[in-house]
Amino acid sequence: MIARTDRCRHDCPPGVMSEVRVRFAPSPTGYLHIGGVRTALFNWLWARRHGGSFILRIEDTDVDRNLRESTSVILESMRWLGLDWDEGPEVGGPHGPYFQSERLELYRAYAERLVATGHAFRCYATREEVEAARAAHEARGGRDFRFVSPWRDGRRPPPHSDAPYAIRLRAPRTGSTGFVDLVKGRIDVPNEQQQDFVLLRQNGLPLYNFACVVDDVEMGITLVARGDDHVVNTPPQLLLYEALGRTPPRFAHLPMILGQDGKKLSKRDGAVSTTEYRDAGYLPDALLNYLARLGWSHGDQEVFRRDELVALFDWSRVGATAARWDPKKLAYIQAEHLRALSDARIAELAMPFLERAGLRPDRRTLEAAVATVRTRAVTLVDVADMVDFYFREPPRIDEQAAARFLVESTRAAREELAALLETVEPFDAATLEARVHQWLQQTGRSLKQVAQPARVALTGRTASPGLFEVMAVLGKERTVARLRAADPRPSQLTSTGG
RNA sequence: GGCCCCAUCGUCUAGUGGUCAGGACAUCGGCCUCUCACGCCGGUAACAGGGGUUCGAAUCCCCUUGGGGUCGCCA
């Protein structure tokens with residue numbers, strides 16, 4: 001206890017805030033949704049800021065769609081993001097197991113206890129009967145169906161001794177249930193809106209609202225931060241806490257992340273799955289920075305390091321408005337984070353992408369190459385792509401660029417330049433620039449005339465880092481060779497039909 | 001439809017009764033320049049509408065409109 005209090009190195013009141021226990025509870029859908037990442041992030045930040053515990057729990061009480069496989073994708077994504085958990089799958093913890101599908105006896109015990117205390121009851125209605133009641137209700141134009149079980153109050157006996165039953169909560173019909181949300185403020189819902197929702201299905205599996213509360217109670221969760229879509233789940237859950245005689249945690253409901261069209265975020269807005277951003281060469285810290293700024297702010301600051309986020313994050317700065325996903329702004333934040341990295345670090349991170357392209361550059365050259373593209377690239381994929389020509393022999397030459405610049409009329413200049421370069425020593429950018437300018441002056445040519453043909457010969461493209469930097473990284477031998485090899489492409493010589 | 005939530009530039013936001021309503025992304029000009037970027041300078045651009053409260057409202061209250069969420073033996 002004392003040790004835990006000491007671990008809170010911030011200005012929080014002793015005792016209460018020092019026991020921060022938060023959780024992220026995804027269901028195994030096969031991938032980690034980018035919106036879920038923000039929820040996870042805010043929970044994680046809160047735990048880390050206060051030296052508390054961040055718990056990962058897998059909500060797989062439904063069907064068989066879960067699979068270890070889709071869980072591992074989520075864990076992998078969390079690890080890539082650097083959102084480490086103190087308790088959960090693979091790391092264990094004192095409140096495990098952390099898969100709901102492995103906690104079934106616990107839910108049953110809680111449910112039976114609620115039946116015993118009169119807070120819940122066994123409902124023998126079949127699924128068909130409930131569906132029929134719903135259909136009848138809707139036929140009458142009703143939209144807000146609430147099943148009223150004949151077993152709720154009366155002494156009605158079970159159909160027969162071993163009849164299957166679901167366990168339902170005996171919810172209050174009057175009054176209201178409310179709470180103070182950390183981002184939305186006071187929220188109250190009339191209890192008429194509540195219903196005797198199912199805790200345990202006939203097959204013994206718990207439903208979300210029930211399992212969630214049991215686990216949050218068992219795991220000692222002090223603050224539940226989750227998506228906006230769960231605000232309607234909170235009042236029923238509050239009923240459960242009351243029935244259980246436990247004080248509920250605090251709640252913080254984060255506004256949704258919408259697509260650019262204001263609708264639900266979908267593939268049309270770019271990637272929705274975390275691994276896609278990883279594969280597209282985004283940096284975890286950049287993604288997290290962008291996500292944090294979606295709904296949270298700290299004055300005018302836009303770019304945050306991870307440790308700054310941890311130090312600064314607070315619920316009072318979380319906005320209540322839904323935000324739209326903006327790939328352009330993400331790209332900006334990503335570029336900022338990339339540029340904050342050293343050449344060596346970028347080289348290290350880009351290496352897998354280079355290898356994916358079949359290149360295995362030596363580290364020193366790669367770092368030098370990275371230095372020339374770092375202000376031009378946004379993602380690591382960009383880095384790999386922009387640096388490609390340094391390491392591919394021969395370089396890939398863009399056909400249109402060749403057709404325009406690697407033509408007879410520029411040949412003489414290219415050859416003269418090659419001859420000149422052969423004599424330059426040392427072969428560094430400053431020296432190269434000085435000698436080339438000297439040569440230009442002597443020959444009466446302009447850099448504008450010579451630069452593009454040389455650039456295409458050297459890099460295969462019309463856009464590239466500065467010419468002299470490129471030459472220096474390439475080295476004398478390859479620079480000269482590429483200038484000389486870059487005669488009109490064969491395809492062009494034959495393009496007239498010869 | 002019931003219930004709940006939300007509402008400042010195109011977008012993310014600052015603003016907590018008195019500001020020329022600020023910043024950032026995007027966008028549009030310009031500078032730099034061997035291309036493309038980076039960088040720098042500058043511009044366009046917002047308090048959804050209507051009522052109140054107040055000496056004074058982006059800020060407080062109500063209504064309207066618009067948007068979102070949710071109404072399962074899914075999570």
Of the listed B:G2, B:A14, B:A37, the closest approach to the A:T375 side chain comes from B:A37
With the sugar-phosphate defined as primed atoms, P, OP1 and OP2, and the base as all remaining atoms, what B/S/- string results for nucleotides 23-34 of chain B, 5' to 3', for protein heavy atoms under 4.0 Å? BBSS-------B
Is the phosphate of B:A14, meaning OP1 or OP2, less than 4.0 Å from a side-chain N or O of A:S297? yes
Select one nucleotide: of B:C3, B:G39, B:A14, the one nearest the side-chain heavy atoms of A:E336. B:G39
Which nucleotide wins on minimum distance to the side chain of A:K184, given the candidates B:G15, B:C5, B:C71? B:C5
Closest to the A:R339 side chain: B:C71, B:C6, B:C38? B:C38
Can you name the ring-ring contact (aromatic ring centres under 6.0 Å, His included) partners of A:F251, sequence neighbours left out? A:F179
Might you confirm whether atom CD of A:E131 has over 12 heavy atoms from other residues, nucleotides or ligands at distances under 6.0 Å? yes
Between B:G39, B:C71, B:G72, spot the one nearest the side chain of A:F145, thanks. B:G72
Which listed nucleotide (B:A75, B:A37, B:C12) is nearest to the side chain of A:A323? B:C12
Regarding A:A25, tell me which of base, sugar-phosphate or nothing describes its non-hydrogen contacts under 4.0 Å with the strands shown. nothing
Just jot down the side-chain contact (heavy atoms from CB on, under 4.5 Å) partners of A:H298, sequence neighbours excluded, or say none. A:W296, A:Q301, A:F304, A:L312
Base-pairing mate for B:A7 - Watson-Crick or G-U, with both contacts under 3.5 Å: B:U65
Which of these nucleotides, B:U70, B:A75, B:C6, is closest to any side-chain atom of A:V232? B:U70
Walking RNA chain B from its 5' end, the first of A:G185 and A:R134 to be reached, judged by nearest nucleotide, is A:G185
A:T321 side chain, from C-beta outward: closest of B:G2, B:C6, B:C73: B:C6
